[in-house]
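First the proteins, then the strands, lettered A, B, ... as listed; each starts at 1.
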Amino acid sequence: MNLFQHFQAEVTRQIDALIAEGALPAGLDTTRLTVEPPRDTSHGDITTNAAMVLAKPAGMKPRDIADLLAAKLDALPEVTETTVAGPGFINMRLADDFWHARLAEILTTGTAYGDSDFGKAAGKVNVEYVSANPTGPLHVAHARGAVVGDVLARLLKKAGYDVTTEYYINDAGAQVETLARSAYLRYREALGETVDEIPEGMYPGEYLIPVGQALAEADGDKWLNVDEDTWLPHVREFTVARMMTQVKEDLAALGIQQDVYTSEKELVAAGAVDAVYQTLADRGLIYTGVLEPPKGKPTPDDWEPRPQSLFRATEFGDDIDRPLKKSDGSWTYFSNDIANHLDKFKRGFTQMIDIFGADHGGYVKRMKAAVTAVSEGKAELDIKLCQMVHLMKNGEPMRMSKRAGNFVTLRDLIDEVGRDVVRFLMLTRKSDTQMEFDLAKAVEQSRDNPVFYVQYAHARCRSVLRSAPDELAGLDTSAEALAQADLSLLADPAELDLVKIMAAWPRIVEQAAEAHEPHRVAFYLNDVASAFHGLWNMGKDDTSLRFIQTDTPEISRARMALVQATATIIASGLDVLGVTPVEELR
RNA sequence: GGCCCCGUAGCUCAGUCGGAUAGAGCACAGGAUUCCUAAUCCUGGGGUCGCAGGUUCAAAUCCUGCCGGGGUCACCA
């Protein structure tokens, strides 16, 4: 249960009661009313701005409304204390029983705690991420987008959304042809020819050597003495397929497997682009025009003012109208991507989320404009831009050149620090701010390393639970058994504080999902771990606060419930992040 | 020059569809070891929320204009 939502409904009910009594005028709008945790916990457990929101429409002073409402709320069984403070906040303190019930709820629900049907009514959501060109293995630069997209999808699922994850394969266009020509050189090499140097503009990477070998093995010299027109389509298919296999393997190493892979080439071949062009043309959204060269910077050498097919993106909030065809008459990348998004809309997605790198920032407005146009305003596109990640080692920036033998591929990074560490650390910053990723800190076991810090808290919990049966005469530490413990014995403020933080998890899930901000989960887990470590250390100063009290088994049992719940919450959060909780850290 | 993102403590960053006295970690100073270990915790100082206006009961948050950093700017993807 999201307790804040629960009390928001309660506050609204009490307002209705006051209206029925004639104490407040009818017809008040309560949509801006919020029930939240107060900024300062000394103010209470929950707070509402109801009185301030209602003051103007009711034509009353905020404090007067607050006094009326506070008297009503004070009568609720879960509320032990209400105060009116500041400009008209109503602060409430909740009964210990209420918090104990939340603890029991966590234990009986397990890691499903925080699951919600919040997103049920939102319609189908599509999250497209990575979508890297299949011209080579994934680079470290892809790591952030991959993690952000994957965790966002997991988060949305937990919040009740109907989510599909997708990878758009850019297998049309000139770059995959260049890839094919590069692979062809490796193929000739495999058949014994000497290729001194990979020409400028080709892909020189060694990863194409096995591709050439595999092709030679499969087809022998079949493609050796034929025209490019003959071999190119086959070599292209062959190479792209190999590259995509590798991309999928690299993503799998990060724990990512997308639901749907859409091929740009197949969309084009199926006529989807022609169709969307026709649709837009029929609606008068395409015209032939000449674009101005960009101002404020030198005009490109090959600039030629020429008439081209333009999409009226400016009608949907873009800055200029955007070209749909290249000078050779073929579709632009943008055209194909419009077809891609229309295809998603036709498959029933009314909410689309694209995860892009920050270098695609200039593409955002036109794509949103296109989605509005092709869906006639019925679909919504959110684009999350992931800023660059600077790889560091001991505070020194790492040059990521292949020549220096440094890390270049995503796989290298995973091999170096591990999948869980990559996943967690990519979420320790908001996605739209640049971040540094320090390879030394990433594997360090210290407070500096949030992955470790959270895992350590979980391991401590598990450790105590493992040793409890020995020290407490075979105590049953299963969650079901512990939910039956006398939780009223948890009365220390520090213990209750931990419960309160854990009880906030459902709200965190909903809010992070709604905001499309998966990093909030990582920050929340840090808070849970911090509260737990703090409680742990209190037992060092005051042994009566230790979890295991051999002479008072009932207290121990209640505290085991607290520890079990903490492990559960951390595991639940880590599950959203796709990180495995560890049992021990030895 | 246009557009997008960022600007919060010495450093790295949080900050809830606008809410009360703006928070955390690092660093610095001092202190705490029978549960998983001081790999952790506690206490302390530290701020014109880039600048200037505006909107209102209330602005780090929304609007406008500047300053600084990054990205991007027909036909590539």
Subject >> All side-chain hydrogen bond (donor to acceptor under 3.5 Å, both in side chains) counterparts of A:D40, not counting sequence neighbours >> reply: A:S42
Table please: side-chain donor-acceptor pairs of residues 536-543 of chain A below 3.5 Å, with sequence neighbours left out.
from: A:D542; atom 1: OD1; to: A:S544; atom 2: N; distance (Å): 3.0
from: A:D542; atom 1: OD1; to: A:S544; atom 2: OG; distance (Å): 2.7
from: A:D542; atom 1: OD2; to: A:S544; atom 2: OG; distance (Å): 3.2

**OP:** Go through the structure and list residues passing salt bridge (charged side-chain N to carboxylate O under 4.0 Å, His left out) with A:R181, not counting sequence neighbours.
**Re:** A:E177, A:E228
Show the atom names and distances, to 0.1 Å, of all donor-acceptor pairs under 3.5 Å that link a side chain in residues 425-435 of chain A to residues at least two apart or in another chain.
from: A:T428; atom 1: OG1; to: A:L425; atom 2: O; distance (Å): 2.7
from: A:T433; atom 1: OG1; to: A:K430; atom 2: O; distance (Å): 3.1
from: A:Q434; atom 1: OE1; to: A:H390; atom 2: NE2; distance (Å): 3.3

Distance-only donor-acceptor hits, side chain of residues 354-365 of chain A, under 3.5 Å, sequence neighbours excluded:
from: A:D354; atom 1: OD1; to: A:K344; atom 2: NZ; distance (Å): 3.4
from: A:D354; atom 1: OD2; to: A:H341; atom 2: NE2; distance (Å): 2.7
from: A:Y363; atom 1: OH; to: A:D337; atom 2: OD2; distance (Å): 2.9
from: A:K365; atom 1: NZ; to: A:D319; atom 2: OD1; distance (Å): 3.2

Subject >> ring pair (Phe, Tyr, Trp, His ring centres under 6.0 Å) partners of A:Y287, counting only residues at least two apart >> reply: none
Subject >> Partner set under side-chain hydrogen bond (donor to acceptor under 3.5 Å, both in side chains) for A:R312, not counting sequence neighbours >> reply: none
**OP:** Could you run through nucleotides 57-68 of chain B and give me one letter per nucleotide, 5' to 3': B if any protein heavy atom sits under 4.0 Å from the base, S if only the sugar-phosphate is that close, - if neither?
**Re:** SB-B--------
Original post:
Who pairs with A:T178 by side-chain hydrogen bond (donor to acceptor under 3.5 Å, both in side chains), at least two apart in sequence or on another chain?
Top reply: none
Original post:
Reading nucleotides 71-77 of chain B from the 5' end, what letters show protein touch, with B for base, S for backbone sugar-phosphate only, - for no heavy atom under 4.0 Å?
Top reply: SS-BBSB
Subject >> Runs of at least three consecutive pairs that involve RNA chain B, where pairs are Watson-Crick or G-U with distances under 3.5 Å >> reply: B:1-7 with B:67-73, B:10-13 with B:23-26, B:28-32 with B:40-44, B:50-54 with B:62-66
Subject >> Closest listed nucleotide, where the reference is the side chain of A:H43 and the choices are B:C17, B:A20, B:U40 >> reply: B:A20
**OP:** Using a 4.0 Å heavy-atom cut-off, write out nucleotides 29-35 of chain B from 5' to 3' as B (base contacted by protein), S (sugar-phosphate only) or - (no contact).
**Re:** ---S-BB
